[in-house]
Protein chains: 2
Amino acid sequence: MLSTSTRAGTLGDVATVTTRPYHHGNLRAALLEQAERTLAERGALSLRELARELGVSHAAPRRHFADKQALLDALTESGFDRLGRELDAAIAGAAADFTARLTSLACAYVDFATQRAALLELMFAAKERPDAAAGVRAAADRAFAAPLALFHEAQAVGEVVPGDPKRVATVAWACFQGLAAMANGGMLEAGSLDDVVADAVDRLVHGMRPR
Amino acid sequence: MLSTSTRAGTLGDVATVTTRPYHHGNLRAALLEQAERTLAERGALSLRELARELGVSHAAPRRHFADKQALLDALTESGFDRLGRELDAAIAGAAADFTARLTSLACAYVDFATQRAALLELMFAAKERPDAAAGVRAAADRAFAAPLALFHEAQAVGEVVPGDPKRVATVAWACFQGLAAMANGGMLEAGSLDDVVADAVDRLVHGMRPR
DNA sequence: ACCTGAACACCGTTCAAGT
DNA sequence: ACCTGAACACCGTTCAAGT
């Protein structure tokens, strides 16, 4: 029993390894794992369905999460962690110039937002409530640290208008968020989403007046 | 009975006028009216609750809407109609120059998006489904006709980069949509939302390189 | 400490039956 | 034509009881 629980995080699909792998063990981790998968596949979540899929009673999740919202909060926090890692990777994998880095960040964000639409919606809704867990806020701040630093550095070398970097970062990020929302809503002409994103970055950098 | 049904649309709150005002009458209109109110106030909707509030059985709505989604579709369509009217009013009430009109449009849109957050979410979700009603698509196109025309005219007088006006319109609108989502998610520093919007328009028009 | 089973108050949807 | 009432298969949450 201990051996299955130690493998759980890395291998996934713990439920099929033995006949009844937890009952006590790593239910908490299994719930989060299954919840994220279900959310990605079906876009909705039922606690009872989760319990059914993991072979525990519908009341069992209560031992690990006070209510459904508590599970969603945990999902949200790990979502920000993952987003932060992907944004960090995007900036590290791009050429050193500002536009290339911003484009890479934008593509990574829009990709995350479209691949995990339901999760991102949770992440937005989490901040909506005033009582959002402190851990969620911290993870969110950390996720957006790299983009903010990029704008700050670009200001330092005179490539971006001066002032609070959050002002210009907010506008850019709103644009990416909106593109993702429009893509998820099917309101974008077909074509490649990355092209639309690159177009948006060019417009953000240079404005829309003729040069 | 006929007299109450003719007054329904204009006065609202029909349910309190007589003891049992419909039972047959304008249930359909009353459902839509109440649904929009509930959605704005609580952000969620239950058909049974709606029926309860209107004093009909929980099965009665079925006569007017095949299922919950059909009611949401109707709400969505009237939402686009209303949005279209507000955008038209915004452009009519602004000074004649491009930036003033764009700022006015943006403020009107963000205002709509924050005042009726749940409705706008429905409007986005409606286009997500491939089987979105034709009426919904038409209402959506109509709502965004004025903004698109603004970009087209600005291109004609050389104030905006040439090309398909939808390209630049998409970027601008994504930005406004993202600002609204961030405002609804509580991710915007306090301050006036209109200031943030005006800042965004300025950035969109002039870009973020130092002038 | 962790989980179960029954219970409660809700859902959306269906359908025979009423007027 | 329009509405009701009972029924079905779901929810989330609570709580006494089991191990």
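Below, chains carry the letters A, B, ... as their sequence lines are ordered, and counting in each starts from 1.
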**Request:** Working to the nearest 0.5 Å, report the span between CD of A:Gln34 and CD of A:Glu49.
**Result:** 8.0 Å

**Asked** For B:Arg167, does the CZ atom sit with more than 12 other heavy atoms under 6.0 Å from it, leaving out its own atoms?
**Response** no

**Asked** How long is the line joining CG of A:Leu72 and C1' of D:dT13, in whole Å?
**Response** 15 Å

**Phosphate OP1/OP2 of D:dC10: any A:His58 side-chain N/O under 4.0 Å** = no

**Prompt:** Can you tell which of C:dG12, D:dT4, C:dC3 lies closest to the side chain of A:Ala60?
**Reply:** C:dC3

**Fill in**
Closest to the side chain of A:Ala59, out of C:dT14, D:dC15, D:dT13, is D:dC15

**Message:** What is the separation between atom CG on A:Asn26 and atom C1' on C:dC2, rounded to the nearest whole Å?
**Reply:** 13 Å

**Asked** What's the CG-P distance between B:Leu50 and C:dG12, to the nearest Å?
**Response** 9 Å

**Prompt:** Taking atom P of C:dT13 as reference, at what distance in whole Å does atom CG of B:Leu71 sit?
**Reply:** 10 Å

**Message:** Given D:dG12, D:dC3, D:dA7, identify the nucleotide with an atom nearest to the side chain of A:Arg48.
**Reply:** D:dG12

**Prompt:** Does the side chain of A:Arg62 get closer than 4.0 angstrom to OP1 or OP2 of D:dT14 through an N or O atom?
**Reply:** yes

**Asked** Just to confirm, is there a sub-4.0 Å distance from OP1 or OP2 of C:dC10 to any side-chain nitrogen or oxygen of B:Ser46?
**Response** no

**Asked** Can you tell me the Watson-Crick or wobble partner of C:dC2, both distances under 3.5 angstrom?
**Response** D:dG18

**Message:** Testing the 3.5 Å rule here: is there a donor-acceptor pair between the side chains of A:Glu86 and A:Tyr109?
**Reply:** no

**Watson-Crick or G-U counterpart of D:dG12, or none if no pair lies under 3.5 Å** = C:dC8

**Request:** Send over the distance from A:Asp67 CG to D:dC11 C1', rounded to a whole Å.
**Result:** 14 Å

**Message:** Distance check needed: C:dT13 P versus B:His64 NE2, whole Å only.
**Reply:** 16 Å

**Message:** Tell me whether the count of non-hydrogen atoms from other residues, nucleotides or ligands lying under 6.0 Å of NE2 in A:His152 goes above 12.
**Reply:** no

**Complete:** Winner on side-chain proximity to B:Arg52, out of C:dG12, D:dT4, C:dC11, is C:dC11

**Request:** Nearest whole angstrom, please: distance from the C1' of C:dA1 to the CG of A:Leu27.
**Result:** 13 Å

**Asked** The side chain of B:Ser57 lies closest to which of these nucleotides: C:dG5, D:dC3, D:dC11?
**Response** D:dC3

**Atom-to-atom span, CZ of A:Arg63 to C1' of D:dA17 - whole angstrom** = 12 Å

**Complete:** Separation between CG (B:Leu105) and CZ (B:Phe151), nearest 0.5 Å, reads 8.0 Å

